[in-house]
2 protein chains.
Amino acid sequence: MPTPKKKARPVAPLSREAWVKAASNLIAQEGVKAVAVEPLALLLGVTKGSFYWHFQNRDELIHAALEAWEQDQSADVVSRYGGIADPRRRLRVLLFAAFEDVENGKFFAALAVSSEDPRVQPYLHRATERRLAFGVEAFRALGFLEAEARERALFAYAAYAGYFQLLRTTPEAVAAVTDLSGYVRRLAETLVPARARRS
Amino acid sequence: MPTPKKKARPVAPLSREAWVKAASNLIAQEGVKAVAVEPLALLLGVTKGSFYWHFQNRDELIHAALEAWEQDQSADVVSRYGGIADPRRRLRVLLFAAFEDVENGKFFAALAVSSEDPRVQPYLHRATERRLAFGVEAFRALGFLEAEARERALFAYAAYAGYFQLLRTTPEAVAAVTDLSGYVRRLAETLVPARARRS
DNA sequence: TGGCAACCATACGCTTGCGTATTGATACGG
DNA sequence: CCGTATCAATACGCAAGCGTATGGTTGCCA
């Protein structure tokens with residue numbers, strides 16, 4: 001018997017990141033309101049005492065989780081797809097990549113669930129603005145006027161948001177469509193003309 | 001001074017329907033979780049005592065509100081658009097009507113927000129199933145095979161759901177697109193071919 | 001005018017969750 | 001070996017909400 005003490009620590013001491021990660025999972029599954037300190041502590045096998053050592057309060061944890069997501073976002077989108085010169089190809093690659101990143105899509109849908117929460121609104125707004133602006137610019141580069149570029153970008157974004165909303169709320173309905181790539185291909189072909197054109 | 005009593009009743013006694021309506025509004029704005037008895041009573045100018053006279057408990061109110069919505073749904077969709085014989089026209093009319101019914105769209109988006117709630121899931125599932133089935137059948141009538149009909153129906157439904165989700169979470173982004181009918185027209189033209197075809 | 005039914009107020013107990021305070025337990029450097 | 005920093009348990013006070021119990025007020029009707 002090495003250390004037959006009264007109550008062994010949960011193996012390893014908990015890091016701040018562990019709390020943030022657990023909170024992110026909870027947000028992705030049940031929204032921000034589900035991030036409650038005591039249940040979360042129970043889930044992690046500790047008590048509130050631990051939490052309030054790592055964080056000032058519940059808000060700090062929530063912001064940390066949202067912040068982490070936003071960091072990923074910016075890193076991905078801007079750097080990865082901004083480099084593709086041809087706007088036609090840039091859009092297609094972005095569309096396919098967006099639908100393939102299921103994790104991110106689900107988290108986004110979860111944020112939409114908590115859109116009333118004043119804490120998430122800034123993050124949601126920034127993400128939407130960034131993504132839409134990215135799309136608008138690409139469509140403008142394809143030769144569309146501002147108005148039509150906006151419309152097409154919104155269309156694409158709505159298709160994206162709607163897909164992951166449905167995947168969240170009624171996965172069975174989505175599962176009936178076996179070929180996701182066909183779905184995305186249709187979206188791309190609708191919005192991105194095969195040849196350049198001017199309006 | 002007709003009736004200068006101590007404390008006038010809120011003019012008229014509250015009907016059960018008044019509670020349901022207020023609850024529906026709350027759901028549409030802040031989701032099911034926001035339907036709390038005491039705040040709602042405060043809003044209506046009465047106290048809990050009134051509520052628990054009209055309803056067994058909170059669940060009964062929530063179900064009543066969801067039930068009312070489902071009734072409207074079934075009535076509208078099936079009867080109004082089922083009568084149009086030409087599937088091409090049926091689909092186009094349905095699409096335009098769906099996007100124009102902002103109230104219903106907002107309520108649907110609000111239900112998606114509360115999709116984790118076991119109370120709303122059945123209603124959400126039934127609505128989705130009904131609508132998708134309606135779309136699939138119309139596309140099949142246009143000559144598409146089952147698989148492609150499903151894909152197109154899902155596409156249309158996702159565009160619908162996504163649009164109202166964005167309208168809910170980030171209305172500014174949607175407001176930038178002034179011409180909604182262009183959006184819907186594009187959707188219709190993408191999905192509904194001008195002429196019949198076989199696959 | 002007495003009584004009953006509809007409608008509502010008040011007061012209470014219970015649970016969940018936040019945040020604080022205080023006190024342990026462990027590890028590690030001097 | 002001791003002290004300090006790190007991490008966690010326990011106990012407490014507080015607020016919001018649900019649901020119950022009980023009593024009060026109004027209107028109508030016999």
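Rounding to whole angstrom units, CG of residue Leu42(A) and P of dA8(D) are separated by 15 Å. One interatomic measurement links the two molecules: CZ of Phe51(A) to C1' of dT20(C), which rounds to 14 Å at whole-angstrom precision. Rounded to whole Å, atom P of dC8(C) lies 11 Å from atom CZ of Phe55(B). A straight line from CD1 of Ile62(B) to C1' of dC18(D) spans 12 Å, rounded to a whole angstrom. dC7(C) atom C1' lies 12 Å from atom CH2 of Trp19(B), rounded to whole Å.
For Lys33(B), the side-chain contact (heavy atoms from CB on, under 4.5 Å) criterion is met by Lys33(A), not counting sequence neighbours. Ser24(A) pairs by the side-chain contact (heavy atoms from CB on, under 4.5 Å) definition with Val20(A), Ala65(A), Phe107(A), not counting sequence neighbours. Legend: residues meeting side-chain contact (heavy atoms from CB on, under 4.5 Å) with Ser115(B), ordered by chain and number and at least two apart, are Arg168(A), Thr169(A), Leu124(B). Considering only residues two or more places apart in sequence or on other chains, Phe164(B) meets the ring-ring contact (aromatic ring centres under 6.0 Å, His included) condition with Tyr160(B).
In this structure a side-chain-to-backbone donor-acceptor pair under 3.5 Å is present from Arg152(A) to Leu191(A).
Side-chain nitrogen and oxygen atoms of His54(A) include none within less than 4.0 Å of the OP1 or OP2 phosphate oxygen of dT6(D).
Mapping Gly49(A) and Trp53(B) onto DNA chain C by nearest heavy atom places Trp53(B) at the nucleotide closer to the 5' end.
Apart from Val113(A) itself, the hydrophobic cluster it occupies contains Val113(B), where clustering links Ile, Leu, Val, Met, Phe, Trp and Tyr at side-chain heavy-atom distances under 4.5 Å.
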Quick one: which protein N/O atoms are closer than 3.5 Å to N/O atoms of nucleotides 16-18 of chain C? Pair and distance per line, please.
residue: dC18(C); atom: OP1; partner: Val37(A); partner atom: N; Å: 3.2
residue: dC18(C); atom: OP1; partner: Arg58(A); partner atom: NE; Å: 3.1
residue: dC18(C); atom: OP2; partner: Val37(A); partner atom: N; Å: 2.8
residue: dC18(C); atom: OP2; partner: Glu38(A); partner atom: N; Å: 3.4
residue: dC18(C); atom: N4; partner: Lys48(A); partner atom: NZ; Å: 3.2

